[in-house]
Asks: 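Once you've had a glance at the structure underneath, I'll fire off some questions.
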2 protein chains.
Amino acid sequence: MATPLHIVEIDKLKTACSTCSLHELCLPAGLTPTELKSVDQLVNRRRTVKRGEHLYRSGAQLQALYAIRTGFMKSCVLHEDGREQVAGFHMMGELMGMDAIGTNQHLCDAVALEDSDVCEIPLSDLESMSREIPSLHQHFNRVMSREIARDYGVMLLLGSMRAEERLAAFLLNLSQRFAARGYSSTEFHLRMTREEIGSYLGLKLETVSRALSHFQAQGLVAVQNKHLRILKIDNLREMVGQHSCRA
Amino acid sequence: MATPLHIVEIDKLKTACSTCSLHELCLPAGLTPTELKSVDQLVNRRRTVKRGEHLYRSGAQLQALYAIRTGFMKSCVLHEDGREQVAGFHMMGELMGMDAIGTNQHLCDAVALEDSDVCEIPLSDLESMSREIPSLHQHFNRVMSREIARDYGVMLLLGSMRAEERLAAFLLNLSQRFAARGYSSTEFHLRMTREEIGSYLGLKLETVSRALSHFQAQGLVAVQNKHLRILKIDNLREMVGQHSCRA
DNA sequence: ACGGCAATTTGACGCAGATCAAAACGGGCG
DNA sequence: CGCCCGTTTTGATCTGCGTCAAATTGCCGT
């Protein structure tokens with residue numbers, strides 16, 4: 001009986017935002033050290049989600065928001081008929097579950113693409129603490145707003161780019177987010193399948209595969225299975241800039 | 001000198017949330033009468049935007065959020081190359097500008113599709129008042145969250161529906177929003193052009209036109225220019241439900 | 001190390017929707 | 001009231017990407 005409690009204690013300790021390397025990127029970004037201490041109380045539980053497992057499911061009651069500490073996840077909206085549309089990929093320091101605040105019900109599934117650790121942030125605690133710490137309140141608004149801004153970008157992509165432009169935009173987005181986390185911006189591991197990329201980009205897996213092959217043939221990237229190296233990042237940027245745009 | 005001031009006074013009066021017929025739908029939804037009185041102070045300016053004019057432009061500094069009082073607007077994301085993607089249509093009681101909170105800069109243009117009246121809500125005032133009125137804070141979070149949820153729906157539409165499914169989903173969405181405002185759910189005026197519908201749905205105007213004609217031929221709707229009557233709403237619902245889904 | 005299954009690649013072909021074109025319509029303004 | 005220009009409709013044709021298929025590769029579990 002004592003042992004599990006002890007484990008929980010250790011978990012709590014490890015979960016503290018104030019000692020977390022992501023605190024500049026995550027929810028507590030921009031807080032003073034004192035405020036950071038308070039926020040530590042917010043995150044009172046950590047959860048591990050193994051590759052392929054769900055963090056939450058569409059329709060489930062909102063229990064908490066989740067900040068990704070390590071790992072990689074996707075969220076996908078489900079059709080009635082079983083088909084799924086990937087609405088986003090999420091990496092460490094990012095917050096998930098914000099779509100559920102409006103209705104108290106998740107409207108997408110959150111699935112781990114590799115073993116992941118997340119911090120649980122009960123919404124009610126976040127709201128009450130926001131009242132005490134205005135800059136937390138403000139920062140949370142910004143995080144939600146940025147999610148809206150991201151979504152607008154995805155709409156732009158889905159609504160008016162052609163296949164290779166979409167893929168280029170996708171790779172550049174990943175590149176930039178890895179860079180922001182101190183990883184290489186030109187060489188990384190794609191944790192999702194071609195099918196998942198395709199779903200996110202509104203394309204079929206074959207089209208994604210062909211586009212990647214074509215990029216490789218042009219010398220823009222070097223792909224080997226899920227390992228990707230960007231060779232000519234400027235050319236990719238150009239592709240996204242200038243649309244010959246069909247829609 | 002006295003006259004313009006007087007006009008402003010009258011405007012202020014008319015702008016009060018507590019006397020606004022939209023307060024159940026808009027930002028102050030769910031507040032007590034006392035709280036509502038406080039929120040009146042938030043909305044200290046009203047603005048008229050004529051058909052075709054911009055409420056704000058992409059890249060502009062965030063001045064305030066805007067609640068639509070009357071009229072109809074679109075927001076569109078711009079490509080570097082001048083093409084535009086309509087990210088949403090907005091009607092009375094809806095809040096615009098939330099995408100700009102994260103960066104303090106608007107990332108889309110807001111254009112009136114008919115002469116519109118909007119209430120200006122300075123973000124800083126909203127934030128400070130949220131601290132005093134928890135339910136306002138909570139409700140604002142919900143409004144932002146619902147925008148995220150809406151965006152996920154649009155992604156689903158753009159990423160995995162075929163042309164006629166998209167149009168059906170669009171019509172049903174309009175129908176539902178008009179109904180929520182006490183207008184007919186089956187008969188309304190399309191304030192946007194076929195091209196704008198197409199841009200929103202990731203289709204070309206000709207495709208939108210053809211799809212509408214096809215719906216009419218099937219007896220699902222009656223269209224005459226911008227006037228639309230939904231005849232078989234259940235059939236439209238079925239269309240959106242069951243995808244033969246290509247992406 | 002090996003077997004089996006999932007993921008990826010590549011090719012051939014088809015089709016939904018884009019593109020091009022032109023006619024019809026409608027609404028705002030002089 | 002009638003003209004003009006922007007919007008819409010409809011037709012014909014083209015094409016990017018989806019679909020189907022099959023071969024290849026790589027990864028996971030035993």
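Protein chains get the first letters and strands the later ones, always in sequence-line order, with residue 1 at the start of each.
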Asks: Please report the distance, rounded to the nearest Å, between CG in Asn225(B) and P in dA24(C).
Replies: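 Roughly 17 Å, once rounded to whole Å.
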Asks: Considering heavy-atom distances to DNA chain C, does Arg51(B) or Glu164(B) have its closest nucleotide positioned more toward the 5' end?
Replies: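 Here Glu164(B) is the residue nearer the 5' end.
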Asks: For dG16(D), take OP1 and OP2 only and decide whether either is under 4.0 Å from a side-chain N or O of Arg162(A).
Replies: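 False: Arg162(A) side-chain N/O out of range (4.0 Å or more) of dG16(D) OP1/OP2.
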Asks: Tell me whether Glu94(B) contacts the main-chain N or O of Ala67(B) through its side chain, where contact means a donor paired with an acceptor under 3.5 Å.
Replies: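 Checked: no pair found.
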Asks: Is the closest basic N to carboxylate O distance between Glu196(B) and Lys74(B) below 4.0 Å?
Replies: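 Salt bridge present between Glu196(B) and Lys74(B).
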Asks: Distance check needed: dT19(D) P versus Glu195(A) CD, whole Å only.
Replies: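 Result: 12 Å.
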Asks: What is the distance, to the nearest angstrom, from the CE atom on Met161(B) to the P atom on dA16(C)?
Replies: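 Taking CE of Met161(B) and P of dA16(C), I get 18 Å after rounding.
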Asks: Please give the angle, rounded to 10 degrees, between the axes at the start and the end of the helix from dA1(C)-dT30(D) to dG30(C)-dC1(D), where five pairs define each axis.
Replies: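 Rounded to the nearest 10 degrees, the bend comes out at 60°.
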Asks: Excluding sequence neighbours, so at least two apart, what forms ring pair (Phe, Tyr, Trp, His ring centres under 6.0 Å) with Phe89(A)?
Replies: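 By the ring pair (Phe, Tyr, Trp, His ring centres under 6.0 Å) rule, Phe89(A) matches Phe170(A), Tyr200(A).
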Asks: OP1, OP2 of dG26(C) versus side-chain N and O of Lys226(B): anything below 4.0 Å?
Replies: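 Checking dG26(C) against Lys226(B), no side-chain N or O comes under 4.0 Å of OP1 or OP2.
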Asks: Check the distance between dG17(C)'s C1' and Leu158(B)'s CG and give it to me in whole angstrom.
Replies: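 Taking CG of Leu158(B) and C1' of dG17(C), I get 15 Å after rounding.
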Asks: Return the residues of residues 206-216 of chain A meeting this criterion: a heavy atom under 4.0 Å from some atom of DNA chain D. Order them by number, or give none.
Replies: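 Residues of residues 206-216 of chain A under 4.0 Å from DNA chain D: Glu206(A), Thr207(A), Arg210(A).
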Asks: According to a strict under-4.0 Å criterion, is Lys204(B) in side-chain N/O contact with OP1 or OP2 of dT19(C)?
Replies: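 Checking Lys204(B) against dT19(C): at least one side-chain N or O falls below 4.0 Å of OP1 or OP2.
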Asks: Do NZ/NE/NH1/NH2 and the carboxylate oxygens of Glu147(B) and Arg150(B) come within less than 4.0 Å?
Replies: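 The answer is yes: the pair qualifies as a salt bridge.
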Asks: Any pair with a residue in residues 54-64 of chain B that passes side chain to side chain donor-acceptor pair (under 3.5 Å), sequence neighbours left out, goes on the list, sorted by first then second residue, please.
Replies: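 The answer is His54(B)-Arg57(B), His54(B)-Asp109(B).
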Asks: To the nearest Å, give me how far apart CG (Leu205(B)) and P (dT7(D)) are.
Replies: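 It works out to 10 Å between those atoms.
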Asks: Out of Leu236(A), Ile233(A), Thr186(A), which one pairs with Ser175(A) under the side-chain contact (heavy atoms from CB on, under 4.5 Å) rule?
Replies: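 Among Leu236(A), Ile233(A), Thr186(A), the one meeting side-chain contact (heavy atoms from CB on, under 4.5 Å) with Ser175(A) is Ile233(A).
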Asks: Does Arg45(B) use its side chain to pair, donor to acceptor, with the backbone of Glu120(B) at less than 3.5 Å?
Replies: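 No, Arg45(B) side chain to Glu120(B) backbone: no donor-acceptor pair under 3.5 Å.
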Asks: Determine which pairs satisfy ring pair (Phe, Tyr, Trp, His ring centres under 6.0 Å) with at least one residue from residues 201-232 of chain B, sequence neighbours left out, and list them in order.
Replies: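 Ring pair (Phe, Tyr, Trp, His ring centres under 6.0 Å) check on residues 201-232 of chain B returns no pairs.
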Asks: When the distance from CD of Gln224(B) to C1' of dT8(D) is rounded to whole Å, what number comes out?
Replies: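 These atoms are roughly 13 Å apart.
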Asks: Would you mind reading off the distance between Leu190(B) atom CG and dG27(C) atom P, rounded to a whole angstrom?
Replies: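 Interatomic distance, CG of Leu190(B) to P of dG27(C): 14 Å.
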Asks: Taking only residues two or more places apart in sequence or in another chain, which ones pass ring pair (Phe, Tyr, Trp, His ring centres under 6.0 Å) with Phe72(A)?
Replies: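 Checked Phe72(A) against ring pair (Phe, Tyr, Trp, His ring centres under 6.0 Å); zero matches.
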Asks: Within this structure, what is the CG-to-P distance between Leu167(A) and dT9(C), rounded to whole angstrom?
Replies: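 Going from CG in Leu167(A) over to P in dT9(C) covers 11 Å.
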